[in-house]
Amino acid sequence: MRLMKFSSFARCLRELESTASRKEMVGILAELLKRSSEEEVGKICYLCLGRLAPVYRSVEFNVAEKTMLKVLSFSFGVREDEVRSRYKKLGDLGSVAELLRGEYRGAGRGGDLEVAEVYNELLRIARDSGAGSQERKVHSLAALLRKLSPLGVRYCARIPLGQLRLGFSDVTLIEALAVMVGGGKEEVKFIRQKFNIRPDVGEIVRVIKLHGLEGLKEVGVEIGTPILPALAERMPTMEKIVEKLGEFAVEPKMDGIRLQIHLNKAVNGQPLVDSLESQRELFNEQGSKKESPGALVCIFSRRLDDVTDMFPDVVAAVQKLPVDSAIMDGEAIAYNPDTEEFLPFQETMKRKRKYNVAQKAAELPLKVFLFDLLFLNGKSLLETAFGERRRLLEKLVLDGNLLMAARHTKVNSARKLKKLFDLYISEGLEGVMCKRLDSPYQAGARNFNWVKYKRSAEGVGLPDTVDGLVMGYYAGRGQRAKFGVGAFLAGVFNPQKDRFETIAKVGTGLTDDQWREFSRRVGPLEVKAKPAEYCVAKELECDAWLRPGLVVEIDADEVTCSPVHTAARGLNIVRTGAENGAGLSLRFPRLVRFRDKLPEEATTVEEIMEMYRMQQT
DNA sequence: CCTGACTGCCC
DNA sequence: ATTCTGC
DNA sequence: GCAGAATGGGCAGTCAGG
């Protein structure tokens, strides 16, 4: 079979981009996969998804928006501010690149590259690092783009940004795999199950091409290969949760970092699995061995990043577990051993690091609350009911110091649920997780087997919503480009200084109609320069500034200390662990509605401080 | 050797 | 993370 | 109800440049 040309691939992507129906997309994708040969089909899958490798071995490009502007400028000899202004208007670097390529009259059209050649070059560029690498990346990407057709450039330029914006992702691609082999719903389900335990579409399609669906049967849960984590849905009220779940258990929801922990002990001095290391070699990584005598531990984040090196304390504790092999799901959170209090998410995040790991581990000891067991002593438990998985989890002898089982209470009424919810909130936790006792571990799925109910679900996350002044806005990308807005900057009023200080950017909560309304309302307020009474960090510089006029109601989950937002900065606040000069901001801000209020009637910095104090207790 | 812009990944 | 939209 | 695509705050790491 001939290798596919990139131009041909690009035409297929254009067809996909202009297709809205998922059914049709599946058909087009199936045809594309059928047309590609074994050697290239994996690469084609990754490229389709805007990647170069499966998520769990993600290749960091270290090239994104800003660098791509430079690439386009350099590649097609257009001033950078010209590229930037086109980008602001179109909201998509692929479209900008395509136009510039079309207008480009310079030499440099090489022959028609194959998809695999483009892939290989992108991978080479991504892997470049160290001194001078940024410049080399810009030059290499620019040279690559010049070798492609305008349509090829459109998609090639989007790949380093990690998304092709074609309207499909992993799941749709899997459906296409099933269709490729002439399968139906059953086959989709089968392939998806395999994908959940081997989240690598490229690998799965290679297996199917070589050995058919039969070959996929060999794929099982493997220590060292992450399983897609199960995710929780949300519901508006506790009554609805009880109604929906029937018999379920309640666990506290901790505000930490999700960890999937794999353990494999040696049998007769032989590690049961060596795939982790061999797979790393395949991708030329310098993965250091983490085996202490006989026990391999690896830890994955929610997005399947290998974070083993960041948690040596967890590794040590897990190695002591009296089992041959296991995969556990849990949440890690930093705590203060003197007060026994859990620390805010921002503190836990400091444990996610590459350097000074041991020092930080001592400063910020962790608790890991295990809440699920997916694999034990060589056997997958994914199909085992949650109640039984939980029973097995409790039989593991956890050390009770770092490793603990999450508290777990069977519940069948809204009254009991409410009681537990109140208890956990009083302990300063985020809320509760409600889990069906009879459900399997639904890897990769966000569904109603698990339902989260957070503090913020109680109508509002904060003691009250915030009325913020809209100070300016930012150009939208992708589908937001047509509104001319993608997000806006909101501020609160400081009456002492008679000025507005920023508290959040807001980019969600508006319907398409509200975005249009936003544009209408904001038009008459536009001014050329930032008003003098606005106190804004330079990182938050808006694309368009507005004089005071529009006030909006904003909800959020929490008020947090901020290194960039200026709200209440300089006021004497008692803050744990925050440096002087920090302001306040909102966590997960979203618009509730437009208000008809005067700018001076916006929430004041004192009121924000009061909200901040209230949540501390 | 330090700082700031940028990137990627946690939520 | 939250939220909205099209299928 | 699912899949996908917009968007948030904030942390650490990388690299360029003073």
Side-chain angles (χ1 to χ4, degrees), chain A residues 20-25 55 58-70 91 129-137 160-173 175 231 233-234 254-259 301-305 307 310 331-332 344-357 360 430 445-448 452 454 456-457 461 474 476-481 483 485-490 503-515 538-540 554-565 582 584-592:
Chain A
S21 149
R22 266 179 20 96
K23 256 188 179 167
E24 271 180 60
M25 281 192 231
V55 268
S58 75
V59 183
E60 281 181 32
F61 251 101
N62 253 308
V63 170
E65 211 172 53
K66 299 293 165 67
T67 310
M68 206 43 128
L69 287 172
K70 281 189 198 160
S129 67
S133 61
Q134 286 306 104
E135 198 182 350
R136 288 193 299 273
K137 282 173 195 242
L161 310 179
Q163 57 185 150
L164 257 46
R165 285 210 187 97
L166 302 178
F168 70 89
S169 188
D170 300 329
V171 180
T172 308
L173 198 50
E175 279 182 45
L231 303 173
E233 268 291 354
R234 284 172 305 168
M254 319 293 294
D255 191 9
I257 299 176
R258 181 91 175 259
L259 298 181
S301 70
R302 198 194 106 151
R303 284 191 48 199
L304 309 186
D305 252 25
V307 293
M310 300 169 193
E331 186 89 2
F345 176 71
Q346 279 157 293
E347 291 300 304
T348 303
M349 271 293 283
K350 293 179 181 166
R351 285 294 308 270
K352 200 180 167 291
R353 56 170 52 240
K354 186 172 170 184
Y355 304 106
N356 289 328
V357 172
K360 273 286 178 239
E430 225 190 349
R446 185 188 292 282
N447 61 31
F448 292 92
K452 63 180 157 187
K454 300 215 291 186
S456 52
Y474 306 89
R477 294 183 281 254
Q479 314 216 254
R480 295 268 172 92
F483 303 127
V485 198
F488 60 84
L489 183 62
I503 182 122
K505 275 162 75 179
V506 180
T508 192
L510 291 84
T511 63
D512 284 4
D513 275 344
Q514 282 177 309
W515 284 113
K538 65 176 177 304
E539 303 97 294
L540 296 169
I554 302 163
D555 194 9
D557 274 20
E558 219 178 353
V559 178
T560 58
C561 287
S562 171
V564 291
H565 284 286
L584 294 175
S585 66
L586 302 178
R587 190 180 187 195
F588 308 140
R590 57 259 191 189
L591 179 121
V592 179

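Chain letters run A, B, ... following the sequence lines, proteins first, then strands; residues in each count from 1.
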Under the side chain to side chain donor-acceptor pair (under 3.5 Å) test, which residues partner K70(A), sequence neighbours left out?
none
Taking only residues two or more places apart in sequence, or in another chain, which ones meet R353(A) in a side chain to side chain donor-acceptor pair (under 3.5 Å)?
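Per chain and number, R353(A) pairs via side chain to side chain donor-acceptor pair (under 3.5 Å) with no residue.
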dA6(D) phosphate, OP1 or OP2: any side-chain N/O from R165(A) under 4.0 angstrom?
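Result: yes.
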Contact under 4.0 Å: R477(A) side-chain N or O vs dT7(D) OP1/OP2:
yes
Could you tell me how far dA1(C) sits from dG8(B) if I compare only their C1' atoms? Round to whole Å.
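So the two C1' atoms sit 16 Å from each other.
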Which part of the nucleic acid, if any, lies within contact of [X], taking any heavy atom under 4.0 Å across all strands shown: a base, the sugar-phosphate backbone alone, or nothing?
X       : value
V307(A) : sugar-phosphate
E65(A)  : sugar-phosphate
L540(A) : nothing

Report the nucleotide, chosen from dG9(D), dG4(D), dA12(D), that has the shortest atom-to-atom distance to any side-chain atom of S585(A).
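Nucleotide nearest to S585(A)'s side chain: dG9(D).
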Of the candidates dG4(D), dT7(D), dC11(D), the side chain of M349(A) sits closest to dC11(D)
Whole-Å distance separating the [atom1] atom of [X] from the [atom2] atom of [N]:
X       : N       : atom1 : atom2 : answer
K360(A) : dC11(D) : NZ    : C1'   : 11 Å
F488(A) : dG9(D)  : CZ    : C1'   : 15 Å
E175(A) : dA3(D)  : CD    : C1'   : 9 Å
L161(A) : dT7(D)  : CG    : P     : 13 Å
F168(A) : dA5(D)  : CZ    : P     : 9 Å
D170(A) : dA3(D)  : CG    : C1'   : 11 Å
I503(A) : dG8(D)  : CD1   : C1'   : 13 Å
L584(A) : dG10(D) : CG    : C1'   : 14 Å

Do the charged groups of K352(A) and D305(A) touch, with an N to O distance under 4.0 Å?
no
With sugar-phosphate taken as primed atoms, P, OP1 and OP2 and all else as base, the protein-contact string of nucleotides 1-7 of chain C at under 4.0 Å (heavy atoms; B, S, -) is SBBSS-S
B/S/- contact track for nucleotides 13-18 of chain D, protein heavy atom under 4.0 Å
SSSS--
Heavy-atom closest pair, residues [X] and [Y]:
X       : Y       : answer
L161(A) : A64(A)  : CD2-C, 3.5 Å
L166(A) : M25(A)  : O-SD, 4.1 Å
R480(A) : G476(A) : CB-CA, 3.8 Å
M68(A)  : V63(A)  : N-CG1, 4.4 Å

Where chain A begins and ends its contact with DNA chain B, read 5' to 3' at 4.0 Å from heavy atoms:
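Taking any atom under 4.0 Å from a heavy atom of chain A, the span is dA5(B) to dC11(B).
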Could you check L489(A), I554(A), L586(A) and say which one makes a side chain to side chain contact (heavy atoms under 4.5 Å, CB included) with V506(A)?
I554(A)
E65(A), CD: over 12 other non-hydrogen atoms inside 6.0 angstrom:
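Yes - once you tally the heavy atoms of other residues, nucleotides and ligands closer than 6.0 Å, there are more than 12.
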Flag if over 12 foreign heavy atoms under 6.0 Å of CZ, R258(A):
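Result for CZ/R258(A): enclosed.
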Once ring pair (Phe, Tyr, Trp, His ring centres under 6.0 Å) is applied, do any residues pair with F488(A), and if so which ones, sequence neighbours excluded?
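Per chain and number, F488(A) pairs via ring pair (Phe, Tyr, Trp, His ring centres under 6.0 Å) with F518(A).
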Supply the atom-to-atom distance L584(A) CG to H565(A) NE2, rounded to the nearest 0.5 angstrom.
11.0 Å
Taking for each residue the nucleotide of DNA chain B bearing the nearest heavy atom, is the 5' side occupied by K538(A) or by F61(A)?
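Closer to the 5' end of DNA chain B: K538(A).
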